[in-house]
Amino acid sequence: MAKIGFVGLGNMGLPMALNLVKAGHQVIGNDVMPKGMEALKAAGGSATNDVAQIAGCDVVITMLPSGQQVRDVYLGATGLLAKAKQGTLFIDSSTIDVETARLIAAKAEESGMSLLDAPVSGGVGGAQAGTLTFMVGGRDEAFEEAKPILELMGKTIVHAGGAGAGQAAKICNNMILGISMIAVSEAFVLAEKLGLDKQKLFDISSKSSGQCWSMTTYCPVPGPVPTSPANRDYAAGFTAAMMLKDLKLSQEAAKLAGAKTPLGAEATALYARYVDSGQAGRDFSGIIQFLRK
Ligand code: NAD
């Protein structure tokens with residue numbers, strides 16, 4: 001049984017922490033809001049506002065909104081790294097920029113600690129079911145140490161490479177997703193204008209070269225895939241705001257790395273307009289409604 005600190009008990013972090021409690025670990029949670037801490041305590045974990053107590057754990061997992069909060073929590077005189085003991089293993093599962101991921105990994109290493117970037121895909125449902133995919137960046141030894149813990153929260157654990165590689169994998173994947181959702185949505189909008197039945201387009205494309213996850217699992221029109229958000233008026237799922245966040249991260253990374261991603265840039269601009277039209281909290285597949293206008 002390990003002593004695990006868990007910072008960021010929100011939509012994703014809380015169910016992940018609860019799976020660690022269920023597996024018999026001693027979990028000490030922290031959040032700036034009381035709700036997640038109360039829920040963790042009710043389920044058999046504990047909670048504290050004392051950073052030193054979290055930093056004193058064998059393993060510390062963070063699940064925070066963005067790079068800014070991750071820097072606040074890890075760095076500076078009152079941050080986790082300043083308070084931790086040598087040998088502590090840190091795992092940051094937030095989706096953040098590659099630069100911040102590499103910066104905190106380097107700072108941890110300077111102080112004799114290991115830090116992995118380990119963003120996830122699979123959403124709140126995957127966090128609850130313990131079926132997340134973890135994309136992990138960092139040293140081999142740290143990955144081997146983290147794997148049994150990540151396996152309690154996820155089904156697929158992939159070591160993507162050195163520090164920052166997990167974040168790189170996450171933003172590349174989500175750039176594909178953002179672009180492919182727009183591509184599939186545009187095809188359905190065109191089919192409507194051409195008088196082609198949506199079910200016929202699905203039956204053909206889902207078995208042809210247009211086949212992709214945005215078509216077969218998350219189809220943006222109601223009917224062909226009964227579990228897709230289109231069937232419940234685009235209730236999220238994965239919100240448009242989160243897709244925009246990940247697309248922006250992909251564009252920042254592309255700029256810094258000197259990669260040309262014109263479709264990624266266009267997808268970012270379209271999602272920004274969709275979010276600005278008051279749809280931040282709607283599922284990202286709802287962009288089809290925006291494209292119809
Ligand atoms: P969330 O906003 O529900 O949770 C974040 C939590 O962090 C909140 O409870 C917040 O109070 C807490 N927090 C913020 N600053 C803090 C600080 N300084 N100290 C302690 N706690 C602090 O967000 P979420 O949906 O749980 O997402 C977390 C991360 O996971 C994000 O980076 C997101 O991009 C990523 N992600 C989310 C999903 C999803 O479907 N929700 C899927 C994959 C990845």
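For reference, positions follow the sequence shown, starting with 1. In each ligand, atom 1 is the first atom listed, and ligand 1 is the first ligand listed. Just so it is clear, the model here is predicted, and its values are computed rather than measured.
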**Q** Could you name the option among D92, D31, I54, V120 that has the heavy atom nearest to atom 43 (C) of ligand 1?
**A**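 The nearest heavy atom belongs to V120.
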**Q** Output the list of atoms in ligand 1 that are nearer than 4.0 Å to some heavy atom of V7, sorted by atom number.
**A** 20 (C)
**Q** Is it true that, when you exclude K198 itself, more than 12 heavy atoms of the residues, nucleotides or ligands shown sit nearer than 6.0 Å to its NZ?
**A**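 Yes - once you tally the heavy atoms of other residues, nucleotides and ligands closer than 6.0 Å, there are more than 12.
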**Q** Do L247 and N174 have side-chain heavy atoms sitting under 4.5 Å apart?
**A**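 L247 vs N174: side chains apart.
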**Q** Side-chain contact test, heavy atoms from C-beta onward, threshold under 4.5 Å: evaluate it for V275 versus M242 and give yes or no.
**A**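 No, too far: nothing below the 4.5 Å cut-off.
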**Q** Under a 4.0 Å N-O cut-off, is there an ion pair linking D233 with R282?
**A** yes
**Q** May I ask whether I179 and F238 are part of the same hydrophobic cluster, defined by side-chain heavy atoms of I, L, V, M, F, W, Y residues being less than 4.5 angstrom apart, directly or through others?
**A** yes
**Q** Does any N/O atom on V73 come nearer than 3.5 Å to any N/O atom on ligand 1?
**A**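 Checking ligand 1 against V73, no N or O pair falls under 3.5 Å apart.
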**Q** In the protein, which heavy atom is nearest to atom 30 (O) of ligand 1, and how far is it?
**A** M63 CE, 3.1 Å
**Q** Quick check: do C57 and I4 have side-chain heavy atoms less than 4.5 Å from each other?
**A** no
**Q** For atom 3 (O) of ligand 1, which candidate among N11, L64, I96 holds the nearest heavy atom?
**A** N11
**Q** Suppose we measure from atom 2 (O) of ligand 1 to each protein heavy atom; which comes out shortest, and what is that distance?
**A**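 For atom 2 (O) of ligand 1, the nearest protein heavy atom comes out as P65 CG, 4.4 Å.
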**Q** Are any non-hydrogen side-chain atoms of L14 and L40 less than 4.5 angstrom apart?
**A**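 Side-chain contact under 4.5 Å: yes.
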**Q** Going by the ring pair (Phe, Tyr, Trp, His ring centres under 6.0 Å) test, which pairs reach into residues 190-234, not counting sequence neighbours?
**A** W213-Y218, Y218-F284
**Q** Measuring to protein heavy atoms, does anything land under 4.0 Å from atom 21 (N) of ligand 1?
**A** yes
**Q** Output yes when the distance from some N or O of ligand 1 to some N or O of D246 is under 3.5 Å, and no in every other case.
**A** no
**Q** Provide the number and element of each atom of ligand 1 under 4.0 Å from a heavy atom of S94.
**A** 32 (O)
**Q** L177 versus S214: any side-chain heavy-atom pair under 4.5 Å?
**A** yes
**Q** Atoms of ligand 1 less than 4.0 Å from Q69 heavy atoms?
**A** 15 (N)
**Q** Heavy-atom contacts under 4.0 Å between K170 and ligand 1: side chain, backbone, both, or neither?
**A** side chain
**Q** Counting each atom of ligand 1 from 1 as listed, which ones have a heavy atom of G8 under 4.0 Å away?
**A**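 That gives atoms 7 (O) of ligand 1.
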**Q** May I ask you to list the atoms of ligand 1 that are less than 4.0 angstrom from any heavy atom of M33?
**A**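 Within the 4.0 Å cut-off of M33, ligand 1 contributes 11 (O).
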**Q** Looking only at protein heavy atoms, which one is nearest to atom 27 (O) of ligand 1, and what is the separation?
**A** M12 CG, 3.9 Å
**Q** Nearest non-hydrogen contact with atom 4 (O) of ligand 1 belongs to which option: P119, P15, G10?
**A** G10
**Q** What I'd like to find out is whether the side chain of I96 reaches to under 4.5 Å of the side chain of R71, using heavy atoms alone.
**A**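 When only atoms from C-beta onward are counted, R71 and I96 do not touch, as no gap falls below 4.5 Å.
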**Q** Which of the numbered atoms in ligand 1 are below 4.0 angstrom from a heavy atom of T95?
**A**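 Heavy-atom distances to T95 below 4.0 Å select 32 (O), 34 (O), 35 (C), 44 (C).
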**Q** Are E38 and K41 ion-paired here, with the side-chain N under 4.0 Å from a carboxylate O?
**A** yes
**Q** Taking atom NZ of K248 as the centre, does the number of heavy atoms from other residues, nucleotides or ligands within less than 6.0 Å exceed 12?
**A** no
**Q** Pull out every atom of ligand 1 sitting under 4.0 Å from any heavy atom of K245, numbered as shown with elements.
**A** 31 (C), 32 (O), 33 (C), 34 (O)
**Q** Check ligand 1 against N30 and write out every atom of the ligand that is under 4.0 Å from a heavy-atom position of the residue.
**A**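 Checking each atom against N30, I get 20 (C).
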**Q** Do M242 and ligand 1 have an N or O pair less than 3.5 Å apart?
**A** no
**Q** Does a donor on one side chain sit under 3.5 Å from an acceptor on the other, for S285 and D283?
**A**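 Side-chain D/A pair, S285 to D283: present.
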**Q** So which heavy atom in the protein is nearest atom 40 (O) of ligand 1, and how far is it from that ligand atom?
**A**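 Here the closest protein heavy atom is G123 CA, 3.6 Å.
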**Q** Out of L80, L249, V32, whose heavy atom is nearest to atom 19 (N) of ligand 1?
**A**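 Shortest heavy-atom distance from atom 19 (N) of ligand 1: V32.
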